[in-house]
Amino acid sequence: MKNQINRQWRLAARPKGMVKESDFSFHEVPVPTIEEGQVLVRNLYLSFDPAQRGWMDDRPSYVPPVGLGEVMRAGSVGQVIESKLPDFAVGDLVQGTFGWQDYAAVKPGGPLVLGKLPQGMPPTLFLGVCGLTGLTAYFGLLDVGRPIPGETVVISGAAGATGSVVGQLAKIKGCRAIGIAGGKDKCRWLTEVAGFEAAIDYKTESVEERLKELCPNGINIFFDNVGGEILEAAIGLLANKGRVVLCGGISAYNQEQAPPGPKNYLNLVIRRGRMEGFIVIDYIERFHEGEQSMLGWVLQGRIKHQEDIQEGLENAPKTMLRLFGGKNQGKQLLKIAEPPIPLPE
């Protein structure tokens, strides 16, 4: 790797309001030299997730914020091109939080995390439907929501990588799935491909009125990825013993001032409801269970998924803006390289 360059995007400024390209700075540095117990990974794909916006703020969270001047944090899939670690061979596909850069020197259990991928599967699966995105849907719905056959499950941000899986898991568990998404194409995919009973286009329809029509007996589980007015509408229509699963609140991630909380939260008392947040890493000891279940359903064709793949490390900031502008359909990824070592057939 002598004389090779490692391109990086680093966090240059804490965003104020909507994240901007100028919040990042581009650098070229030498490729890192690995030590005993490490591997050198060539990044192939980067994952873009709403949680990354929170990691950019200097405030308490479930993980430390990205430091100013540090490589922007991101989930990624790469290939081992040099190894000083017995369990990892040159050519292995691995995943971890290797960040917005071409190369990373990592070790198991280190801050960048390192895990080997199964052979013969598309690597992007493990950044999306069989990775943290799918696991978020799996544990959020099944462990926090606890669906019962026949119940009605409503999902906000339903055309996103997590929301679209939540609805399909609800179907697998014998429930009705109703999605809320932005745009006719996204809503059409939810009903025609993912099998949702209905989809509400929040850009052209009244979410509250449509929910009243579609949920005459109330909402049993509301899986929230958005927050704001949509969360308030769902709380107002909860069925008795209804559950609200708080996964995210992308509508407020880029606001400088936190929005007011739902005015009708006392309906949780009236309906004997439950509203609970969760973080997927709390289930790390059960990740293998979730990965195997998700992979099985994907291979059986019971879970459909979409990948929005942009290309080129130089486009990392622009790709993040796609995510927060709602331009992506499905999992937002960025391809930055082909495997330098041919994969087995």
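Heavy atoms only: backbone and side chains are in, while hydrogens, waters and symmetry mates are out.
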Asks: Contact between Tyr202 and Val226 at the side-chain level, heavy atoms closer than 4.5 Å - yes or no?
Replies: no
Asks: NZ of Lys20: more than 12 outside heavy atoms within 6.0 angstrom?
Replies: yes
Asks: Report, as yes or no, whether the 6.0 Å neighbourhood of atom NZ on Lys184 holds more than 12 heavy atoms from other residues, nucleotides or ligands.
Replies: no
Asks: Charged N to carboxylate O below 4.0 Å: is that the case for Asp308 and Lys331?
Replies: no
Asks: Say whether, by atom type as modelled, one donor and one acceptor occur between the side chain of Ser83 and the main chain of Phe88 under 3.5 angstrom.
Replies: yes
Asks: Is there a side-chain contact between Glu314 and Arg7 (heavy atoms, below 4.5 Å)?
Replies: yes
Asks: Do NZ/NE/NH1/NH2 and the carboxylate oxygens of Glu151 and Arg243 come within less than 4.0 Å?
Replies: yes
Asks: Got a donor-acceptor contact below 3.5 angstrom from the Asn220 side chain to the Gly242 backbone?
Replies: no
Asks: Would you call Met72 and Met320 a side-chain contact if the rule is heavy atoms closer than 4.5 Å?
Replies: yes
Asks: Taking atom types as modelled and ignoring hydrogens, do the side chains of Thr152 and Arg176 form a donor-acceptor contact shorter than 3.5 angstrom?
Replies: yes
Asks: Evaluate side chain to side chain contact (heavy atoms under 4.5 Å, CB included) for Ile221 paired with Leu141, printing each intermediate quantity in order.
Replies: CA-CA 9 Å; Ile221 300 174; Leu141 180 66; 4.3 Å; yes
Asks: Out of curiosity, Arg271 CZ to Lys241 NZ, how far, rounded to the nearest 0.5 Å?
Replies: 12.5 Å
Asks: Counting C-beta onward and ignoring hydrogens, is there a side-chain heavy-atom pair between Tyr45 and Ile309 closer than 4.5 Å?
Replies: yes
Asks: Quick one: does Pro65's side chain get under 4.5 Å of Asp57's, heavy atoms only?
Replies: no
Asks: Flag yes if more than 12 heavy atoms outside Lys116 fall under 6.0 Å of its NZ atom; otherwise flag no.
Replies: yes
Asks: When you check the gap from the basic side-chain N to the acidic O, do Glu35 and Lys84 get nearer than 4.0 Å?
Replies: no
Asks: Under 3.5 Å, which donor-acceptor pairs do the side chains of residues 300-307 form with other protein atoms, sequence neighbours left out?
Replies:
residue : atom : partner : partner atom : Å
Lys304  : NZ   : Gly301  : O            : 3.4
Glu307  : OE1  : Thr124  : OG1          : 3.1
Glu307  : OE2  : Thr124  : OG1          : 2.9

Asks: Within a 6.0 Å radius of atom CD on Gln119, are there more than 12 heavy atoms belonging to other residues, nucleotides or ligands?
Replies: no
Asks: Is the distance between the ring centroids of Trp100 and Phe48 under 6.0 Å?
Replies: yes
Asks: Out of curiosity, Asp185 CG to Gln329 CD, how far, rounded to the nearest 0.5 Å?
Replies: 6.0 Å
Asks: Are Asp102 and Arg42 close enough that some pair of their side-chain heavy atoms sits under 4.5 Å apart?
Replies: yes
Asks: Any heavy-atom pair between the side chains of Met294 and Leu169 that's under 4.5 Å?
Replies: yes
Asks: With a 3.5 Å cut-off and no angle check, do the side chains of Gln4 and Asn6 form a donor-acceptor pair?
Replies: no
Asks: Who are the ring-ring contact (aromatic ring centres under 6.0 Å, His included) partners of Tyr283, not counting sequence neighbours?
Replies: Phe139
Asks: Do any pairs count as a side chain to side chain donor-acceptor pair (under 3.5 Å) and have a residue in residues 154-166, sequence neighbours left out, and if so which ones?
Replies: Ser156-Asp224
